[in-house]
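For the single chain, residues carry numbers from 1 onward in sequence order. What's counted below: heavy atoms across the whole structure, side chains too, no hydrogens, waters or symmetry copies. We count ligands from 1, going down the list as the structure has it; atoms in each ligand are counted the same way. Only a predicted model underlies this, so the values are computations on that prediction, with no experimental measurement involved.
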Amino acid sequence: MKVLESKFANEFLNMAERCFSMGWHERNGGNMSYRIRPEEVAEVRGDFTDKNPWVEIGAAIPSMAGEFFMVTGSGKFFQNTKSQPEDATAIVEVDGAGENYRIVWGLVNGGRPTSELPSHLLNHAVKAAATGGKNRVIYHCHPVNVIALSYVLPLEDAVWSRELWDTMTECPIIFPAGVGVIEWMVPGGREIGVASSEKMKTYDVIIWAHHGMFVSGEDFDMAFGLAHTVDKAADILVKIISMGGRKRSISSDDFRRLAKDFGVTLNEDFLK
Ligand code: 13P
Ligand code: ZN
């Protein structure tokens, strides 16, 4: 089977289109990766090349050795991903040491995988370990309200988690662990990847201050749904602050009652 006939590639491209339509991807902003299942790799392997050189990832990720990922290309526009998938995306293979990758499909006009590849792979490693291999999508976007809030709210996990939970009743059910926040860092490369992957041990959503959001999900729908929920909560929070701030709130005990009825465990640190 050709890569572009596969279910996973079509889901990847549909997700990119959906995310672009949300306004989260100006120019080349944002990136995405999917850890391809072995049986999906087997289906499309005949469409791969082994002619490309191995390239250093910039981080050692032994638990991702031998894995294949579909990724967006660096500098490529989400806007064009679905119409020009072979130009804008790639499938990369990680070597047996988890230190190098090579392009086995895509990026036919040259280029390299997203500059955030170290972040993606480090976070895949953390999430695969934390979920028994279930989580397969890592997604990064530049949503307006989240970025705006990062200039106003203290850059603390507890503040963001409680503020976002308290915008819409179902937020704590969608992200019961809360959200992690990272102060401004240079994008791309290992450092922001390591900082994010530390937070990803606890959370599924990381706020990159003055930059964007980084999420993990089991599949494309779950990753999109999570980013969508956080973006909507941030939008409501911007409106609350713009209207002069909260006049009332959901109480800690209300959150606990909600958690009990919906069978989720909320981070008690954020219910003080
Ligand atoms: P890339 O085009 O390299 O994916 O970079 C976009 C981005 O959002 C970096 O954080
Ligand atoms: Zn970015």
Check: [X] ring centroid to [Y] ring centroid under 6.0 Å:
{"X": "His140", "Y": "His120", "value": "no"}
{"X": "Tyr34", "Y": "Phe69", "value": "no"}
{"X": "Tyr139", "Y": "His25", "value": "yes"}

Under 2.8 Å from the Zn ion (ligand 2), which protein atoms of type N, O or S occur, listed by chain and number?
->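 Under 2.8 Å from the Zn ion (ligand 2) - ignoring waters, which are not counted - the protein N, O or S atoms are His140 NE2, His142 NE2, His211 NE2.
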
Chi angles and distances behind the salt bridge (charged side-chain N to carboxylate O under 4.0 Å, His left out) call for Arg246, Asp166 | CA-CA 10 Å; Arg246 282 193 175 80; Asp166 194 7; 3.2 Å; yes

Would you check, one step at a time, whether the test side-chain hydrogen bond (donor to acceptor under 3.5 Å, both in side chains) holds for Ser150 with Trp208?
-> CA-CA 8 Å; Ser150 75; Trp208 285 358; over 6 Å; no

So which residues, sorted by chain and number, lie with a heavy atom under 4.0 Å of ligand 1?
->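 Asn28, Gly29, Gly30, Asn31, Ser74, Gly75, Thr114, Ser115, Glu116, His140, His142, His211.
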
Between [Y] and [X], does any NZ, NE, NH1 or NH2 come within less than 4.0 Å of an OD or OE carboxylate oxygen?
{"X": "Asp219", "Y": "Lys134", "result": "no"}
{"X": "Arg257", "Y": "Asp254", "result": "yes"}
{"X": "Lys199", "Y": "Asp157", "result": "yes"}

Geometric cation-pi criterion Arg18 and Phe224, 6.0 Å radius, 45° cone =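 Positive - Arg18 is close enough to the ring of Phe224 and near enough to its axis.
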
